[in-house]
Colleague: 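Structure in structure tokens, see below.
Owing to the predicted nature of the structure, the values given are computational and were not obtained by experimental measurement.
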Amino acid sequence: MAKKSKTQFICQECGYVSPKYLGRCPNCGNWNTMVEEIEQNHPEDRRNRVSLTGERAQPTKLKDVVFKKETRVQTELAELNRVLGGGVVPGSLVLIGGDPGIGKSTLLLQVSHQLAATGGIVLYVSGEESAQQIKLRAERLGSSDTDFYLYAETDMGEISRTIENLKPDYVIIDSIQTMTQPDITSVAGSVSQVRETTAELLKLAKTNGIAIFIVGHVTKEGNIAGPRMLEHMVDTVLYFEGEKHHSFRILRAVKNRFGSTNEIGIFEMRESGLVEVANPSQVFLEERLEGATGSAIVVAMEGSRPILVEVQALVTPTVFGNAKRTTTGLDFNRVSLIMAVLEKRAGLLLQNQDAYLKAAGGVKLNEPAIDLAVAVAIASSYKENGTEATECFIGEIGLTGEIRRVSSIEQRVKEASKLGFKKIYLPKNNLGEWTPPKGIELIPVATLGETLRKVFR
């Protein structure tokens, strides 16, 4: 005799389950997030891992497992290949999140076109748009004659049957919050629906070697909507970042089982779609004003790629009692720490000064090596004394004012030399068994006070 269905309440933010309604979730602390759902018995065959050929997974001794090295599939977007760790891995489950209108669907439509061109079968499943809408966007992107399949459906049962019949090599799900399991009574986008549909897609990917891309909505805090379990289930989590009113987009990996999580890909949104930016350093520096105060150049590392970014600071006397601090693209606590060190170790009176700082170009910097450039930019604005156009700054600042060594110094210096920089301030302890490029002067510094004396002498 079948068990009777029972009612339970699930938090839509964290997935906490309660037998009764609670106004505030005891797990995450959010109010009015508990939603009533009916727990039903799921058919057992839906939970088994069965391949499209009918084979069921069986326990196997580790020594008997045959390892087949899968060849990564390269797309035409080298920036995407970089973030994925070298290309698309067969059987991987990739989650892409980002703000509405940032370009997630555009990116995946271009990727579908390129993967289909390699000879693979691509199934693009859309729960938000009709096939006619996707065709219209494809015409704008110049890929309307591509031979891949469109399927406007939200029922996961129908999608699974279509995958079984079509046997595609790649599947795009746009988006996971619109997909529903027919035997779950909750609405689309709920914790139960997102969890169960992702589990179904995970089963299809792993048992059949299908590479599946999932689009995920984000919350107002910038996290991917749905249970946190969603990010644990997938192989790779990518965030598509950028301002809707600016053309540059950054694809950042925060989890990757097949590559580094430090890599980023930089794209420019144009009318014809997303175009990769091969030399982002030049783009970030092309609008810098020569001789402007409050500006310093840093060579930041994003994964294996060095990027030159302009750090800007504006320091003005405060009008009200408490000084204001504002940062864009920089960590607020890091900037507050650097300003405290400047005041204590370098003698700059900043407690009655408002400070506004940003990383130009919309990029986010969050590594220790940017400390020296931030400090120089603040001091430049405070002293009304600009830095030279051909000098840049690399180094971490300690609480005692010392300049500490940083990693990948050779790559940073080579990138700066390539773009025409002539002078680099860097930690004294980073000078060692390596030869800098010709035509560039390295200025080793040991303390923050020494750096400011040399820069603003």
Side-chain angles (χ1 to χ4, degrees), residues 2 5 7-8 10 12 15 35-54 56 91-97 100 104-105 108-109 111-112 116 121-138 148-218 224-227 229-230 233-234:
S5 299
T7 299
Q8 60 185 6
I10 301 180
Q12 300 305 295
V35 175
E36 181 181 8
E37 295 184 5
I38 298 177
E39 183 183 20
Q40 294 182 330
N41 299 317
H42 304 304
E44 291 196 11
D45 60 344
R46 186 165 66 81
R47 294 188 174 274
N48 292 332
R49 280 196 172 187
V50 184
S51 68
L52 299 181
T53 58
R56 292 181 180 268
S92 61
L93 190 61
V94 181
L95 175 63
I96 300 180
K104 302 184 296 296
S105 299
L108 290 178
L109 195 61
V111 171
S112 300
I121 301 175
V122 181
L123 175 63
Y124 190 106
V125 181
S126 176
E128 300 178 342
E129 298 176 292
S130 65
Q132 290 77 15
Q133 288 176 296
I134 299 174
K135 173 73 172 180
L136 187 63
R137 184 191 294 122
F148 68 84
Y149 295 89
L150 293 178
Y151 188 37
E153 182 57 72
T154 59
D155 189 316
M156 197 61 215
E158 294 295 329
I159 295 171
S160 297
R161 281 187 284 273
T162 302
I163 292 175
E164 291 175 6
N165 295 330
L166 191 61
K167 295 181 175 57
D169 300 297
Y170 312 97
V171 175
I172 314 293
I173 303 294
D174 187 8
S175 65
I176 192 63
Q177 278 79 14
T178 62
M179 301 296 145
T180 59
Q181 282 285 7
D183 54 350
I184 297 178
T185 58
S186 57
V187 297
S190 65
V191 169
S192 298
Q193 289 286 6
V194 171
R195 182 178 62 240
E196 293 299 327
T197 52
T198 305
E200 180 76 6
L201 292 169
L202 178 64
K203 180 192 71 174
L204 289 169
K206 298 304 177 184
T207 56
N208 303 289
I210 303 172
I212 301 179
F213 292 85
I214 302 174
V215 174
H217 295 167
V218 295
I224 294 179
M229 185 190 303
L230 179 62
M233 295 171 71
V234 300

Colleague: Distance check, rounded to the nearest 0.5 Å: Ile210 atom CD1 versus Leu166 atom CG?
Modeller: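 Reported to 0.5 Å precision, the distance equals 9.0 Å.
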Colleague: Quick check: are there more than 12 heavy atoms from other residues, nucleotides or ligands sitting under 6.0 Å from OH of Tyr151?
Modeller: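 Yes, OH of Tyr151 has more than 12 neighbouring heavy atoms, counting only those of other groups under 6.0 Å.
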Colleague: To the nearest 0.5 Å, how far apart are NZ in Lys104 and NE2 in His217?
Modeller: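 Result: 6.5 Å between the selected atoms.
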Colleague: Would you name the heavy atoms of Lys167 and Glu164 that are closest together and state the gap between them?
Modeller: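 Nearest heavy atoms, Lys167 then Glu164: NZ-O, 3.0 Å.
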Colleague: With sequence neighbours excluded, what pairs up with Ala138 under the side-chain contact (heavy atoms from CB on, under 4.5 Å) test?
Modeller: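 Testing Ala138 for side-chain contact (heavy atoms from CB on, under 4.5 Å), a comparison that skips the adjacent residues, returns Leu109, Ser143, Ser144.
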Colleague: Taking all atoms of both residues into account, what is the closest heavy-atom pair of Ser160 and Leu204, and its distance?
Modeller: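 Scanning both residues, the minimum pair turns out to be OG-CD1, 4.1 Å.
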Colleague: Identify the residue among Leu93, Ile212, Val215, Thr197 that makes a side chain to side chain contact (heavy atoms under 4.5 Å, CB included) with Ile173.
Modeller: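 Testing each of Leu93, Ile212, Val215, Thr197 against Ile173, the sole residue satisfying side chain to side chain contact (heavy atoms under 4.5 Å, CB included) is Ile212.
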Colleague: Drop me the distance from Phe148's CZ to Ile134's CD1, to the nearest 0.5 angstrom.
Modeller: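 Nearest 0.5 Å value for the CZ-CD1 distance: 7.5 Å.
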Colleague: Would a distance-only check, ignoring hydrogens and angles, find a side-chain to backbone donor-acceptor pair under 3.5 Å from Lys206 to Gly91?
Modeller: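 Judged by distance alone, yes, a pair lies under 3.5 Å.
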Colleague: If we only count heavy atoms from C-beta on, is the Thr162 to Glu153 side-chain gap below 4.5 Å?
Modeller: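 Result no, sub-4.5 Å side-chain heavy-atom pair not found.
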Colleague: If the condition is side-chain contact (heavy atoms from CB on, under 4.5 Å), which residues does Glu36 pass it with, not counting sequence neighbours?
Modeller: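 Here the qualifying residues are Thr7, Phe9.
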Colleague: Of all the heavy-atom pairs spanning Glu128 and Ser175, show the shortest one and how long it is.
Modeller: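 Shortest heavy-atom contact: OE2-OG, 2.9 Å.
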Colleague: Less than 4.0 angstrom from a charged side-chain N to a carboxylate O is my criterion; do Glu200 and Lys203 meet it?
Modeller: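 Looking at Lys203 together with Glu200, the answer is yes, because their closest N to O distance falls below 4.0 Å.
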Colleague: Atom OG in Ser130, atom NZ in Lys135: separation rounded to 0.5 Å?
Modeller: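 Between Ser130 OG and Lys135 NZ, I get 12.5 Å after rounding to 0.5 Å.
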Colleague: What pair of heavy atoms forms the shortest contact from Ile10 to Ser192, and how long is it?
Modeller: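 Looks like CD1-OG, 3.2 Å.
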Colleague: Less than 4.5 Å apart, any side-chain heavy atom of Ile163 and any of Pro168?
Modeller: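 Side chain of Ile163 against side chain of Pro168, heavy atoms only: contact under 4.5 Å found.
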Colleague: Please check this pair: side chain of Asp155 against backbone of Gly157, looking for a donor-acceptor N/O pair closer than 3.5 Å.
Modeller: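 Checked: pair present.
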Colleague: Considering only heavy atoms from C-beta outward, does the side chain of Gln133 approach that of Leu136 to under 4.5 Å?
Modeller: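 No, too far: nothing below the 4.5 Å cut-off.
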Colleague: Supply the atom-to-atom distance Thr180 OG1 to Met156 CE, rounded to the nearest 0.5 angstrom.
Modeller: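 Output value for this atom pair is 9.5 Å.
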Colleague: Output the distance between atom OH (Tyr124) and atom OG (Ser112), rounded to the nearest 0.5 Å.
Modeller: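 Output value for this atom pair is 6.5 Å.
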Colleague: Who passes side chain to side chain donor-acceptor pair (under 3.5 Å) against Ser105, sequence neighbours left out?
Modeller: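 Ser105 satisfies side chain to side chain donor-acceptor pair (under 3.5 Å) with Asp174 only.
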Colleague: Would a distance-only check, ignoring hydrogens and angles, find a side-chain to backbone donor-acceptor pair under 3.5 Å from Gln193 to Ile184?
Modeller: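 Here the side-chain-to-backbone pair exists.
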Colleague: What heavy-atom pair brings Ser92 and Ala205 nearest, and what distance separates the two atoms?
Modeller: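 Smallest heavy-atom distance, with atoms named: O-CB, 4.3 Å.
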